[in-house]
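Residue numbers begin at 1 in each chain, while the letters A, B, ... track the order of the sequences. The basis for the numbers below is simple: all heavy atoms, side chains too, and nothing from hydrogens, waters or symmetry mates.
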4 protein chains.
Amino acid sequence: MDDFLRAAEQLFSEKGYGQTAMEDIARLAEYGTGTIYRYFESKEALYGELLERKMAAYLEHLVAQYEAETTPRGKLRALLHGKVDFFARNREFMRIFVKEFVPECSTMAAALTPEARELRGRCLALLRDTIEAGIRSGDFRAMDPDLAVAAISGLGNELLLHCIRDLDGEGLGEAEGFMMAFIESGLASGDRP
Amino acid sequence: MDDFLRAAEQLFSEKGYGQTAMEDIARLAEYGTGTIYRYFESKEALYGELLERKMAAYLEHLVAQYEAETTPRGKLRALLHGKVDFFARNREFMRIFVKEFVPECSTMAAALTPEARELRGRCLALLRDTIEAGIRSGDFRAMDPDLAVAAISGLGNELLLHCIRDLDGEGLGEAEGFMMAFIESGLASGDRP
Amino acid sequence: MDDFLRAAEQLFSEKGYGQTAMEDIARLAEYGTGTIYRYFESKEALYGELLERKMAAYLEHLVAQYEAETTPRGKLRALLHGKVDFFARNREFMRIFVKEFVPECSTMAAALTPEARELRGRCLALLRDTIEAGIRSGDFRAMDPDLAVAAISGLGNELLLHCIRDLDGEGLGEAEGFMMAFIESGLASGDRP
Amino acid sequence: MDDFLRAAEQLFSEKGYGQTAMEDIARLAEYGTGTIYRYFESKEALYGELLERKMAAYLEHLVAQYEAETTPRGKLRALLHGKVDFFARNREFMRIFVKEFVPECSTMAAALTPEARELRGRCLALLRDTIEAGIRSGDFRAMDPDLAVAAISGLGNELLLHCIRDLDGEGLGEAEGFMMAFIESGLASGDRP
DNA sequence: TATGAATGAGAGTTCATTCAT
DNA sequence: GATGAATGAACTCTCATTCAT
């Protein structure tokens, strides 16, 4: 069953959902076509399961880093580092992730499963809570937290894609530093020492 | 021919490339199915043509605003405002744009046409040139301009999508202000008056 | 479209619904497989349409004969003769008819369409009304009309099948005479002159 | 092995041959899927075996009643009562029986096994012999015995189905009385005391 | 030039049957 | 004997593309 999820991740990432045939997945996993259907009800269900698992792993990864920190700045850094770290080790999923995290891009007829939506919401909520706490504490300037979440998400995704796609994964460290600095400046309150 | 492009834009935006049948496009454009093939070699060619035209219009729009400005900050603001302005009036295309601007998301078997890639590159080059000029002039701090371009693109796209998708186009003015402030902080040199 | 219905009638009759592939129907009709789907939404819809058309023709045929008569005995004879007559000229449909007229035999996942059920009901209602009228007039003895309808239907179907299947259509005249006599005796009131 | 036959009878009756999967049968019988194939060569063989057993039981039941009678009228009544009696206690099989007794309805690719055909023939022969004897004895009027067999079979089957299907098994007694009277009238010689 | 009926390759899915354990 | 995971042929259905009119 994990064989199928692995094969599916690779192919969906390389060719996209619509261009990947169930037969391709089965062949890559070295099984017969019909065997997939013993484990997954349909192609969509397979894709949904893949997304849920990865999203769950991502959330878990973020939470682990996040809870070790206490200040808004610390939590923000933890979330940003967690993102870079997770996708550095899940590059194939990155390409799928940006499609599905941005609903407009989804290629599935049916959108994310409710479970996956829930996980996506919880990832974003970590960031939002952090920003709101930072605003209250005066670390960040007053702003609409939803806009900030959108800005930071989009910025981070695109930077990661840039490194993974154009730089073949090189320069992730530099990009992380840049991202941190850029975002912290963007969020910073005008008060300067 | 423009009828087909208009119909295609609407349907691709609403349902996605894979879920849109040539017959649907023809019907919406009020022509026979076969007629499309008098003007476009294939479904992909139609999609490619649509992208090229829109990209060209986008580039033209950006250039017009851009050339009216002389300072890096002015040009940056022109590009950001131009983006918001263009997509506020091309909301349907926005959903297609984010798919194709981020090549990973493309649903087509074949990626962007070379012409479209070229146009995309020229849009990004405007921003890149602006950033480089700003770094030289000391308006912006020293940084890798490619990272800055990626960051700003992703940030802007996601903010626009947030407004168009979740807010139904409301709040674009506020989002533009937020975007400007966020990006200018992120780019700003440490020197403060 | 009629080509498909003709081909479908023949093949469903010969091999049964489940054993008939859409490709078989298309080939017999001398069309490509996909063409069927321009006219029928699905295999079930094709079958449903076939049944409806034939049932409608059968009902029309029965009604024509029925309305020319005024007495219960006359109407009964008209219905019985109409049945023999119709199926003598629709032998292929006879085999499908008995399947679907007897719901237990239906091979479709989904049963008859509501339209077909309605038509089936109206065919049976003609017979039922006739029997009730005959009972009231004293031509027939008192009995449960539903039982009589079931008895006469089953008797007639099986006799027709016997002739069509085992006798290759021979002996229909003799069978009709036998059926009339048998049923009239069965229904007759005990009063004899 | 009987477990499989019981499970198969239930499922074939409820859902039909084509809609019943071997796995369903195995699960209901509380065995593994592969185990069925230790006892039956194929799905068709299982169905065939089921039919043969039931047909044999039916024949035995008929013969027992039949041989206790000496007159044609007595034998006829025994056969009719035997039929009602058997199917009242084998309602699930009734639905399969009508399919297979009327070969046109068979859902199997291959028709009845030769053994089952033989048994079917012997059931019908009992009735046929009875009718011929009755004609010779003058109890029944002169007629084609094959037509009479067909008429009586079809009539009886449909009446039984009507009770089992529409009346949920109620009214079998009334139906049996009606059937006897109807058939005896139909067969009766014109001579009246 | 415009059409839309026709096509057929290709996709997802089912399930009777097999066989290593 | 019993199992149930694995199989792959077969089937239904879709749709980009063609071409006779």
Side-chain angles (χ1 to χ4, degrees), chain A residues 1 3-4 17-27 29-47 108-109, chain B residues 1 3-4 17-27 29-47 108-109, chain C residues 1 3-4 17-27 29-47 109, chain D residues 1 3-4 8 17-27 29-47 108-109:
Chain A
M1 182 163 173
D3 294 330
F4 293 129
Y17 180 81
Q19 277 66 50
T20 301
M22 291 300 261
E23 204 183 332
D24 299 339
I25 298 172
R27 197 181 301 116
E30 299 188 294
Y31 282 92
T33 315
T35 310
I36 303 183
Y37 290 87
R38 293 192 64 74
Y39 299 98
F40 303 96
E41 282 216 326
S42 64
K43 189 183 179 184
E44 282 206 3
L46 167 59
Y47 193 51
M108 274 209 301
Chain B
M1 180 161 175
D3 295 329
F4 292 130
Y17 180 82
Q19 277 68 51
T20 300
M22 292 298 263
E23 213 177 323
D24 298 340
I25 298 172
R27 195 179 306 116
E30 300 187 295
Y31 281 91
T33 317
T35 312
I36 301 184
Y37 288 85
R38 300 225 150 261
Y39 299 99
F40 304 95
E41 279 218 325
S42 66
K43 189 182 180 184
E44 284 206 1
L46 167 59
Y47 192 53
M108 278 207 301
Chain C
M1 181 160 174
D3 295 329
F4 293 128
Y17 180 80
Q19 278 65 51
T20 301
M22 291 301 261
E23 204 184 329
D24 299 338
I25 298 172
R27 195 180 305 117
E30 299 187 294
Y31 282 92
T33 315
T35 310
I36 302 183
Y37 290 88
R38 293 192 64 76
Y39 300 98
F40 304 96
E41 281 216 325
S42 63
K43 189 182 179 185
E44 283 206 3
L46 167 58
Y47 193 50
Chain D
M1 181 162 174
D3 294 328
F4 293 129
Y17 181 81
Q19 277 67 50
T20 301
M22 291 299 262
E23 213 176 323
D24 299 340
I25 298 172
R27 195 178 306 115
E30 300 186 296
Y31 282 91
T33 317
T35 311
I36 301 183
Y37 289 86
R38 299 226 151 260
Y39 298 100
F40 305 96
E41 280 218 326
S42 64
K43 189 181 180 185
E44 283 206 2
L46 166 59
Y47 192 53
M108 278 208 301

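The CG-C1' distance, from D:D24 to F:dG4, rounds to 15 Å in whole Å. One interatomic measurement links the two molecules: CD1 of A:I25 to P of E:dG12, which rounds to 8 Å at whole-angstrom precision. The interatomic distance linking C:Y17 (OH) with F:dC11 (P) rounds to 13 Å, in whole Å.
For the atom pair OH of C:Y17 and CG of C:L46, the computed distance is 8.0 Å after rounding to the nearest 0.5 Å. Taking CE of B:M1 as the reference point, atom OG1 of B:T35 lies at 13.5 Å (rounded to 0.5 Å). Separation of atoms CD (A:E23) and OG1 (A:T33) is listed at 4.5 Å; rounding is to 0.5 Å.
At the phosphate of F:dA5, OP1 or OP2 sits under 4.0 Å from a side-chain N or O atom of A:R38. Close to E:dT7, at under 4.0 Å from its OP1 or OP2, lies a side-chain N or O of C:T35. Residue A:Y37 has no polar side-chain atom (N or O) positioned under 4.0 Å from OP1 or OP2 of E:dT14.
Map B:F4 and D:E41 each onto its nearest nucleotide of DNA chain E; the residue landing nearer the 5' end is B:F4. Checking D:G32 against A:G32, the closest nucleotide of DNA chain F that is more toward the 5' end is the one next to D:G32.
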List every contact pair, protein side and nucleotides 9-11 of chain E side both N or O, where the distance is under 3.5 Å.
none

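Minimum heavy-atom separation, B:I25 to B:F4: CG2-O, 3.9 Å.
Within 4.0 Å of D:Y39, counting heavy atoms only, lie sugar-phosphate atoms of the nucleic acid but no base atom.
Taking a pair as Watson-Crick or G-U wobble with both distances under 3.5 Å, DNA chain F forms stems of 3 or more consecutive pairs at E:2-21 with F:2-21.
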